[in-house]
Amino acid sequence: YTGTELKPAVKVTKNGEVIETGYSVEYSANTNVGTATATVKVGDTVIGTATFNIVKATPSISISATPDTLTGGGSVELTVSGVPTEGKLAVTCDNCISVTTTETAGKYTAQLPNATKVYTFTAKYTGTDNYNDVEKSCEVSVTYKGSSHHSSSSSSSSEAASDSSAAGASAEASSEGESTEATGRL
């Protein structure tokens with residue numbers, strides 16, 4: 001399938017010899033997927049027919065992200081190209097990240113959080129009678145960026161309480177899977 005009429009060459013023979021002139025070829029059902037026909041005529045007389053199959057095209061869809069690496073999270077612009085005007089396109093991201101369509105055709109955006117993680121964006125094209133389904137993806141790698149600001153607390157007792165509860169949580173977590181007796185000693 002190309003979206004235009006297909007007219008493959010036919011080979012016409014007379015008395016076992018290939019002839020190049022003296023006939024015409026008419027094509028029918030030769031644009032969309034299915035069986036097409038080439039009819040060979042001399043004047044108004046049909047001297048032969050041949051059929052050929054038109055098969056679905058597979059679009060060359062691609063998706064890319066700019067930038068493809070981030071430090072500290074932020075906005076990513078996605079570009080999807082090669083999508084036929086027929087059919088349906090969905091652009092998604094894993095990890096519950098929403099993707100927003102922009103006003104520019106083929107452009108999408110997403111906000112990625114400040115967390116060390118690799119996000120996979122997928123462009124899924126659902127084809128038609130003339131196009132196959134296609135799914136392509138790209139990845140964006142985000143590296144956590146720690147805060148450069150250090151806050152100081154005026155209450156050292158709340159810091160101590162916070163530290164001891166963190167230690168308690170750590171001790172409980174490390175004792176998981178041990179016997180009840182060991183947990184009871186914490």
Side-chain angles (χ1 to χ4, degrees), residues 1-13 18-42 44-145:
Y1 176 76
T2 63
T4 59
E5 287 186 306
L6 298 175
K7 296 182 177 182
V10 294
K11 182 169 120 179
V12 179
T13 58
V18 175
I19 59 172
E20 302 291 332
T21 61
Y23 64 89
S24 64
V25 181
E26 295 176 2
Y27 294 90
S28 61
N30 61 326
T31 302
N32 294 315
V33 169
T35 302
T37 303
T39 303
V40 180
K41 292 182 172 184
V42 173
D44 289 335
T45 305
V46 174
I47 62 169
T49 60
T51 60
F52 58 97
N53 291 320
I54 300 173
V55 297
K56 285 185 175 190
T58 301
S60 298
I61 293 174
S62 66
I63 181 171
S64 60
T66 305
D68 61 359
T69 60
L70 285 170
T71 301
S75 183
V76 173
E77 181 180 72
L78 304 158
T79 303
V80 180
S81 61
V83 180
T85 55
E86 320 169 9
K88 182 180 173 187
L89 177 69
V91 178
T92 58
C93 183
D94 59 356
N95 296 300
C96 299
I97 301 297
S98 62
V99 176
T100 305
T101 305
T102 68
E103 292 184 23
T104 305
K107 300 285 185 179
Y108 302 81
T109 59
Q111 289 294 322
L112 300 179
N114 183 13
T116 299
K117 191 172 274 199
V118 175
Y119 296 90
T120 302
F121 290 93
T122 302
K124 183 175 183 177
Y125 171 76
T126 303
T128 63
D129 291 343
N130 291 317
Y131 289 103
N132 290 311
D133 295 351
V134 176
E135 189 171 301
K136 297 290 182 171
S137 61
C138 68
E139 292 183 339
V140 175
S141 178
V142 178
T143 304
Y144 174 77
K145 180 180 180 181

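It should be emphasised that the depicted structure is a prediction, and the values quoted were computed from it without experimental measurement.
- Counted within 6.0 Å of NZ on Lys56, heavy atoms from surrounding residues, nucleotides or ligands total more than 12; the atom is thus considered enclosed.
- Side-chain contact between Leu89 and Val80: present, with at least one pair of heavy atoms (C-beta onward) separated by less than 4.5 Å.
- Residue pairs meeting the side chain to side chain donor-acceptor pair (under 3.5 Å) criterion with at least one member in residues 21-30, sequence neighbours excluded: Glu26-Lys41.
- Closest non-hydrogen pair, Thr39 versus Val46, comes out as CG2-CG1, 3.8 Å.
- For the pair Glu135 and Thr122, the minimum side-chain heavy-atom distance is below 4.5 Å.
- Applying the ring-ring contact (aromatic ring centres under 6.0 Å, His included) definition to pairs two or more places apart or across chains, none involves residues 77-129.
- In this structure, CD1 on Ile54 lies 8.5 Å from CG on Asn130, to the nearest 0.5 angstrom.
- Distance check, rounded to the nearest 0.5 Å: OG1 of Thr143 to NZ of Lys117 gives 13.0 Å.
- When all heavy atoms are compared, the tightest approach of Val142 to Pro113 is CG1-O, 3.4 Å.
- Here the side chains of Thr58 and Val134 are in contact, with some heavy-atom distance below 4.5 Å.
- Counting heavy atoms from C-beta outward, Asp129 and Val33 have side chains that stay 4.5 Å or more apart.
- Note: Ile19 CD1 to Lys11 NZ = 12.5 Å, rounded to the nearest 0.5 Å.
- Gly82 approaches Ile61 most closely through the heavy-atom pair O-CG1, 3.4 Å.
- For the side chain to side chain donor-acceptor pair (under 3.5 Å) criterion with Lys107, the lone passing option out of Thr101, Thr79, Thr100 is Thr79.
- A donor-acceptor pair shorter than 3.5 Å cannot be found between the side chains of Asp133 and Thr126.
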Got a list of side-chain donor-acceptor pairs under 3.5 Å for residues 62-78, not counting sequence neighbours?
from, atom 1, to, atom 2, distance (Å)
Ser62, OG, Ser81, OG, 2.8
Ser75, OG, Gln111, NE2, 3.3

